[in-house]
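Numbering of ligands and ligand atoms starts at 1, following listing order.
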Amino acid sequence: MDRIAVRQSGPLEGTVPISGAKNSVLKLMAATALAPGEFLLHNVPDIADVTWMGELLTTMGMTVERPAPGDLRIVHDGTLVPEAPYELVERMRASIVVLGPLLARYGRARVALPGGDDFGPRPIDMHLRGLEELGASFEFAHGYIEARADQLTGARVLLEFPSVGATENVLLAAVLAKGTTVIDNAAREPEIADLASFLNRMGARVLGAGSSTIQVDGVEQLAPVEHTVIPDRVEAATFLAALGVAGGELLLAGARHDHMDMYAAKLGEMGMRISPDSEGIWAMSTRRLRAVDVSTLPYPGLATDYKPLFVAMLATADGVGIVTENLFAGRFRYVDELVRMGADIRTEGHHAVVRGRPLLSGAPVRAPDIRAGAALVVAALKAEGETIVGDAHHIARGYERFVEKLRAIGADVRAC
Ligand code: UD1
C-alpha cells in the first residue's frame, strides 16, 4: 500500500476536516521535556512524524499514548535520558528541536547530527549559535552533538535569518534560563505563536511570539498542561490546490484563513473565490486557473512548503508562471516527475518556469518528499488516464487519511 492511484477528477464538492498542524505538534511534543507530569494534546494528526516523535520521547523515558482519536497523552516523571539517537533524528530532522528543552532542564543533551535531505543541506549553525549565546557549549563526536550548560542565562540572540527551527530551539531553552532573552529577527510562523502559547500556559513568560522580536523572561519551573494544536495550513493549502486543479466548491473545516492570507490572495489572483467562514475556509473554482508568479519567503510570505503546490497548479493553468525558491536550495526534485506527466517546466537555479497545459498525461511517478508527493497527487487530478504515485509513505509523514479525505470530496483516488 505504498502507492496512490489517481485518475482525472472534478468537480470536487464537500467538506474537508483539516487536521492539527504537523509543524506545530512536533515542537509541542518536544516541549513536554521541560516539565514532569501529564500533558494532554488535542487535534493531534495521525501521521508518521507524530509516531516517530512519540518513539523519540519514549526512548528518552516518556509514556506516549493516544487515549482517543485526535488526542495524545504524554507523561513522564522528569528523569529522562537526554539523548536523541541517530536512527530517529535521521528519519526526521525536526527531532533536533529536543536540544533546547533538554539543555534547559537537564543541563546536557546528546543529539545525533541530522544529515542532509532531499531539499539539500540543512545546517543547524544558527540553532547552536543561539544556544551558545545563552551559555551552552558543544562538542562533536561520533556523529553526535554533546551539549552542556551548567546554567543557561538570558541574552540577546540575533538570528542571521528568521529560521523556524533556530527560533524554536532558542525559545525552548530560554524559558528556563536565568533572566531575560530577546530573540531578534525571529521567525514569525503561526506554529511559533502556538508553541509560545503552549509554553505560557505551562507558566513561561513569552512575549511577542508571531513577531520578529520575542522576549522571554526565564522562570524557575514549568508545569504540564492541556492544549489544542492549531490547524495545519499546509494541509489546507493542499486541498485548495486540489480544488484549483480539479474545480468545484469546498469547505475546509477548522482551517484558519488568517494563517494563510498570502496563499489565499495568490489563489484569488489565479481566479479562485476564497474567503474565511465561521467554520473554516470556503472556496470555489469554476474556471481554469490563471498563471501567476510566485516567490517563497519566510512567514508572512508564501511558505516554501506551498511551492510544489503552486508548480502543480501552474502545470495546468492558463499562461506562464515563474516560481522562485528563496529558502531551500534544490527543492525542485519533483519537477522531473511532473515533466514525466507531460508538464512543461524548466528549472534554472532557484527558478522554475511553468507553461500551463490544458491536460497532463497520467504516468508512474515517485513522491520525493511530503509536500512534493502531495503535489503530484494534486497535479494528477488533471491528467488523462491513471497516475500511480509511488513512495506514498512520504505523504503519510504529513497528511492524515489523505486518500480518504480526497475520496470524500469526489476525487478518483485510491491506495494500491
Ligand atoms: C521548518 C518546517 C519546514 C518549512 C521551513 C521553512 C518543521 C518541522 N519544518 O523547517 O516544513 O519548510 O520551516 O518555513 O517545522 N538554516 C541555516 N542554519 C540554521 C537553520 C536554518 O542555514 O541553523 C537555513 C536552512 O538551510 C534553510 C533556511 O535557513 O535554507 C530556513 O530553514 P528553517 O526556517 O530553519 O526551516 P526548518 O525549521 O528546518
Hey, looking at [atom], which of [options] has the closest heavy atom?
{"atom": "atom 25 (C) of ligand 1", "options": "Phe161, Tyr299, Phe328", "value": "Phe328"}
{"atom": "atom 38 (O) of ligand 1", "options": "Ala166, Gly165, Gly398", "value": "Gly165"}
{"atom": "atom 12 (O) of ligand 1", "options": "Asn23, Asp305, Ile370, Ile124", "value": "Asp305"}

Show which atoms of ligand 1 fall inside a sub-4.0 Å distance from at least one heavy-atom site of Glu189. 14 (O)
Should you measure from each heavy atom of Ala94, which atoms of ligand 1 turn up under 4.0 Å away? 8 (C)
For a quick check under 3.5 Å, do [X] and [Y] share a side-chain donor-acceptor pair by atom type?
{"X": "Asp71", "Y": "His42", "answer": "yes"}
{"X": "His257", "Y": "Asp277", "answer": "no"}
{"X": "Glu400", "Y": "Ser19", "answer": "yes"}

If I apply the N/O under 3.5 Å rule, does Leu327 come out as touching ligand 1? yes
Is there at least one pair of N or O atoms, one from Met126 and one from ligand 1, spaced under 3.5 Å apart? yes
Check: Tyr399 ring centre within less than 6.0 Å of Phe239 ring centre: no
How does [X] reach ligand 1, by side chain, by backbone, by both or by neither, if only non-hydrogen atoms under 4.0 Å count?
{"X": "Glu191", "result": "neither"}
{"X": "Thr304", "result": "side chain"}
{"X": "Lys27", "result": "side chain"}

For Ala380, enumerate each residue passing the side chain to side chain contact (heavy atoms under 4.5 Å, CB included) test, keeping only those at least two apart in sequence or located in another chain. Val6, Met341, Thr387
Heavy-atom side-chain contact between Tyr306 and Thr296 under 4.5 Å: no
Six-ring centre of Tyr144, Arg110 cation under 6.0 angstrom, axis tolerance 45°: yes
